Amino acid sequence: MQDAAPDAGTPDTDVSQPWDKDNQAWWDWYVSLADNDAEITEFEAAPPLPDVPLPSDEAVIAELAEPYPLSEADVAFFQENGFIKLKGVFSPGAVLKLRAELVRLLEEEFGADIDGGVQDRFLSLEMVWPDNPLLRAYVLSPRVAKICADLLRVPAVRLYHDNVLSKEPGCGRTPWHFDDHHFPLDTHDVVTAWAPAQAIPLAMGPLAFAHPIDVWKLVDAVAFEKSGTNYDRGVAETFARHDVAVDETPFEIGEVSFHHNLNFHTAARNRTDRSRVVLANTYYADGARIVDAPTMVSGDWQKFMPGVGPGDVAASPLNPVCWPVTAPAGGPVGRPRDE
Ligand SMILES: O=C(O)CCC(=O)C(=O)O
Ligand SMILES: [Fe+2]
């Protein structure tokens, strides 16, 4: 939860102004806060994409509506550590299809060849699902949303937003942070499903999680600065000093991680020759409200919740309940409810 009255601080720590540029500008700013070593000169070959036929849209929709077998031990692990990595959430075909669609959308938006060599940038697209029926199946997936509700131990979750992320070859680290700092939601029942659209070897910069969940308390006193790399370095040094455990492991095809908004995470540079494309969708407990004073760290949040203001219940038509499924049998999966 963010402070109701943000600390005015010095100019460099004062984030009380709303973000006034677009989402891509937000990411360009955000990755500039990461502490990086020297530029990469040699790139590793990324593993090949799976050699499987592309499933039909109907097959993907059906797969993503089936429940995933989550155990009580999985839920307990998530509650203790604030993250969990689950294998086989998507089939290889569903991953390949996701990548093809995300690459098409990124190339359309940025006019770039996504896998065409060193580009250095962190590209992002948001709010793709309302106009894209295939992406909607992944973003409003009952399988994914039920995992989120079960991990949070809440009866129902809504979508906060979708987030297409492409960390291009050569792009620098993702700075250490927790998402509580970003989401203007007045609840701690928030989880992001981070779904890679290819395998992620260590050299590609898998999302890496500090644990257990309460290590955020160790770095609560590190002041966030809106320029420079002091915050990222301050968190890294504090974690190192306290021997905080970090899970930095590869993702296999179809593996998805889920992180709580209090979990501290980072990601290394992409040292491979392929863009690290991910679909990261955030869900929160139904009934949550917007905080009284969102900050610039929340970026473009009003785009995700049109008509919803500070203090309001966060339930615009663009924040459908994704679990439990409310659409009539045979109807579109997870279509936004009229409310
Ligand atoms: O993809 C990344 O490197 C960062 C993503 C992230 O921080 C998130 O999804 O919460
Ligand atoms: Fe994050």
Side-chain angles (χ1 to χ4, degrees), residues 2 23-24 26-36 78 81-85 98-99 102 106 114 119-128 138-139 144 148 151 159-185 188 190-211 213 215-216 219 224 231-232 235-236 246-251 255-272 274-284 297-301 304:
Q2 296 175 343
N23 177 58
Q24 183 54 46
W26 188 92
W27 277 101
D28 287 337
W29 163 68
Y30 201 61
V31 292
S32 79
L33 306 179
D35 190 29
N36 282 296
F78 176 84
N81 293 299
F83 81 99
I84 190 166
K85 294 175 71 169
L98 176 64
R99 194 171 207 281
L102 297 185
L106 286 159
I114 286 299
Q119 322 245 14
D120 272 4
R121 279 183 85 193
F122 195 109
L123 301 176
S124 164
L125 295 172
E126 288 172 311
M127 301 311 288
V128 176
Y138 290 87
V139 175
V144 171
C148 292
L151 291 174
L159 176 71
Y160 176 60
H161 71 141
D162 56 359
N163 208 349
V164 178
L165 306 171
S166 178
K167 185 179 263 204
E168 302 192 317
C171 179
R173 293 182 46 252
T174 303
W176 276 110
H177 67 280
F178 66 172
D179 299 342
D180 188 51
H181 200 191
H182 298 184
F183 305 142
L185 295 166
H188 279 147
V190 186
V191 59
T192 296
W194 195 83
Q198 66 289 298
I200 305 186
L202 284 177
M204 200 185 262
L207 205 58
F209 309 93
H211 59 95
I213 189 169
V215 294
W216 67 268
V219 289
F224 180 77
Y231 181 75
D232 183 41
V235 172
V246 178
D247 180 299
E248 185 181 24
T249 47
F251 284 69
E255 187 169 2
V256 175
S257 66
F258 295 81
H259 61 269
H260 189 274
N261 69 327
L262 289 177
N263 175 273
F264 256 83
H265 49 280
T266 181
R269 305 183 76 144
N270 184 355
R271 299 173 183 274
T272 73
R274 178 171 298 133
S275 289
R276 191 210 65 176
V277 179
V278 170
L279 177 65
N281 302 319
T282 299
Y283 308 85
Y284 59 93
V297 191
S298 297
D300 236 1
W301 70 274
F304 319 142

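Keep in mind the model is a prediction, meaning the values are calculated, not measured. We count ligands from 1, going down the list as the structure has it; atoms in each ligand are counted the same way.
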Atom pairs, nitrogen or oxygen, ligand 1 to protein, under 3.5 angstrom:
| residue | atom | partner | partner atom | Å |
| --- | --- | --- | --- | --- |
| ligand 1 | 1 (O) | W194 | NE1 | 3.1 |
| ligand 1 | 1 (O) | R276 | NH2 | 2.6 |
| ligand 1 | 3 (O) | T174 | OG1 | 2.7 |
| ligand 1 | 3 (O) | R276 | NH1 | 3.2 |
| ligand 1 | 3 (O) | R276 | NH2 | 3.0 |
| ligand 1 | 7 (O) | H177 | NE2 | 2.9 |
| ligand 1 | 7 (O) | H265 | NE2 | 3.2 |
| ligand 1 | 10 (O) | D179 | OD1 | 3.3 |
| ligand 1 | 10 (O) | D179 | OD2 | 3.0 |
| ligand 1 | 10 (O) | H259 | NE2 | 2.9 |
| ligand 1 | 10 (O) | H265 | NE2 | 3.2 |

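By the 4.0 Å N-to-carboxylate-O rule, D28 lies close enough to R121 to be salt-bridged with it.
For Y283 and Y160, the distance between ring centers is not under 6.0 angstrom. Aromatic pair F83/H211: centroids less than 6.0 angstrom apart. In this structure, the ring of F251 has its center less than 6.0 angstrom from the ring center of W194. A centroid separation of 6.0 Å or more is found between the aromatic rings of F224 and H177. Checked against the 6.0 Å centroid criterion, the rings of F209 and H260 do not qualify as a close aromatic pair.
Of the candidates W26, W301, Y30, H182 forms a side chain to side chain donor-acceptor pair (under 3.5 Å) with just one, namely Y30.
Side-chain contact check for D180 and N261: at least one donor-acceptor pair (N or O, by modelled atom type) lies under 3.5 Å.
No donor-acceptor pair closer than 3.5 Å links the side chain of N81 to the backbone N or O of I213.
Listed by chain and number, the protein N, O or S atoms at a distance under 2.8 Å from the Fe ion (ligand 2) are H177 NE2, D179 OD1, H265 NE2.
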